[in-house]
Amino acid sequence: MSDCSVKVVKVQVSHCHISVDPPVAHINRLRGETIRWEVEGGDRVSIFFAAGRSPFRNHVFHCGEFESGTVLPSADFGAHKYSIESNGLLLDPIIMIEPTGH
């Protein structure tokens, strides 16, 4: 997989706050794009989608396993909310799956 097909989402975790950049990550299912979450700070970071709602093969990603893989062929285009949790903090960003890219 080439680097241009990996979209990076930077996750910053402090003792009282989680932030992501970009807050809405755009990927293209037809081009085989994936998400890689690059996490800085925090203990025991988990990234997860509600059961049955992940556009990817897995719905939970733990520390050290922060690459999504390609979007499932059955995944709907549009917004997919997910959660990032660390030390009792929670943030709910969005992945936007687009048919034509962004």
Side-chain angles (χ1 to χ4, degrees):
M1 175 179 343
S2 69
D3 285 346
C4 65
S5 66
V6 177
K7 303 295 181 167
V8 174
V9 174
K10 295 189 179 288
V11 179
Q12 293 278 347
V13 180
S14 71
H15 68 283
C16 62
H17 184 72
I18 300 174
S19 64
V20 296
D21 183 28
V24 178
H26 296 263
I27 62 173
N28 183 295
R29 179 176 79 189
L30 302 177
R31 286 192 216 143
E33 294 175 341
T34 64
I35 296 286
R36 181 175 60 235
W37 292 275
E38 293 182 352
V39 178
E40 188 173 308
D43 294 333
R44 300 183 184 178
V45 175
S46 293
I47 296 170
F48 57 94
F49 294 82
R53 301 222 182 245
S54 177
F56 307 110
R57 190 175 128 247
N58 294 323
H59 73 277
V60 177
F61 304 88
H62 296 287
C63 188
E65 303 170 4
F66 290 138
E67 189 144 345
S68 66
T70 57
V71 176
L72 294 171
S74 60
D76 292 333
F77 294 119
H80 294 265
K81 184 184 89 145
Y82 65 100
S83 298
I84 301 172
E85 191 275 328
S86 180
N87 300 326
L89 301 171
L90 189 67
L91 181 68
D92 295 321
I94 300 286
I95 291 176
M96 185 69 70
I97 299 175
E98 299 183 341
T100 59
H102 186 262

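This one's a predicted model, so the numbers in the text were calculated from it and none came from an experiment.
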(message) On a heavy-atom basis, which atom in P99 and which in L30 lie closest, and how many Å separate them?
(response) O-CD1, 3.1 Å
(request) Provide the closest heavy-atom pair for P93 versus V20 in the form atom of the first, atom of the second, distance. (result) CB-CG2, 3.8 Å
(message) Y82 vs S54, test: side-chain contact (heavy atoms from CB on, under 4.5 Å). Steps then yes/no.
(response) CA-CA 8 Å; Y82 65 100; S54 177; over 6 Å; no
(request) Test side-chain contact (heavy atoms from CB on, under 4.5 Å) on I27 and I97 and set out the steps. (result) CA-CA 5 Å; I27 62 173; I97 299 175; 4.1 Å; yes
(request) Kindly give the cluster partners of V8, where membership spreads through any ILVMFWY side chain lying under 4.5 Å from a current member. (result) none
(request) Report the residues that fulfil side-chain contact (heavy atoms from CB on, under 4.5 Å) with H15, sequence neighbours left out, ordered by chain and then residue number. (result) none
(message) So which atom in A25 and which in I35 form the shortest heavy-atom distance, rounded to 0.1 Å?
(response) CB-CD1, 3.8 Å
(request) Pick out which of V45, V39, L91 makes a side-chain contact (heavy atoms from CB on, under 4.5 Å) with S86. (result) V45
(request) Determine the minimum heavy-atom distance between L90 and S83, stating which atoms define it. (result) CD1-CB, 3.8 Å
(message) I need the minimum non-hydrogen distance between E33 and H26, along with the two atoms involved.
(response) OE1-O, 4.4 Å
(message) Taking the side chain as everything from C-beta on, heavy atoms only, tell me whether L72 gets closer than 4.5 Å to P55.
(response) no
Side-chain atoms of residues 56-63: list all donor-acceptor pairs with protein atoms under 3.5 Å, sequence neighbours left out, distances to 0.1 Å.
from, atom 1, to, atom 2, distance (Å)
H62, ND1, S46, OG, 3.4

(request) Quick one: do Q12 and D21 satisfy side-chain contact (heavy atoms from CB on, under 4.5 Å)? Show the steps, please. (result) CA-CA 9 Å; Q12 293 278 347; D21 183 28; over 6 Å; no
(message) Starting from I18, can I reach F66 by hopping between I/L/V/M/F/W/Y residues whose side chains sit under 4.5 Å apart?
(response) yes
(message) Quick check: closest heavy atoms across E98 and F77, and the distance to 0.1 Å?
(response) C-CD2, 3.8 Å
(message) Quick check on the hydrophobic clustering: are I94 and F49 connected, directly or via other members, by side-chain heavy-atom contacts under 4.5 Å?
(response) no
(request) Give a yes or no on whether the backbone of P73 and the side-chain of R29 come within a donor-acceptor separation of less than 3.5 Å. (result) yes
(message) Measuring from atom CZ of R36 to atom OG of S5, what distance do you get when rounded to the nearest 0.5 angstrom?
(response) 9.5 Å
(message) Side-chain heavy atoms nearer than 4.5 Å, only ILVMFWY residues, links allowed to pass through others: does that put M96 and W37 together?
(response) no
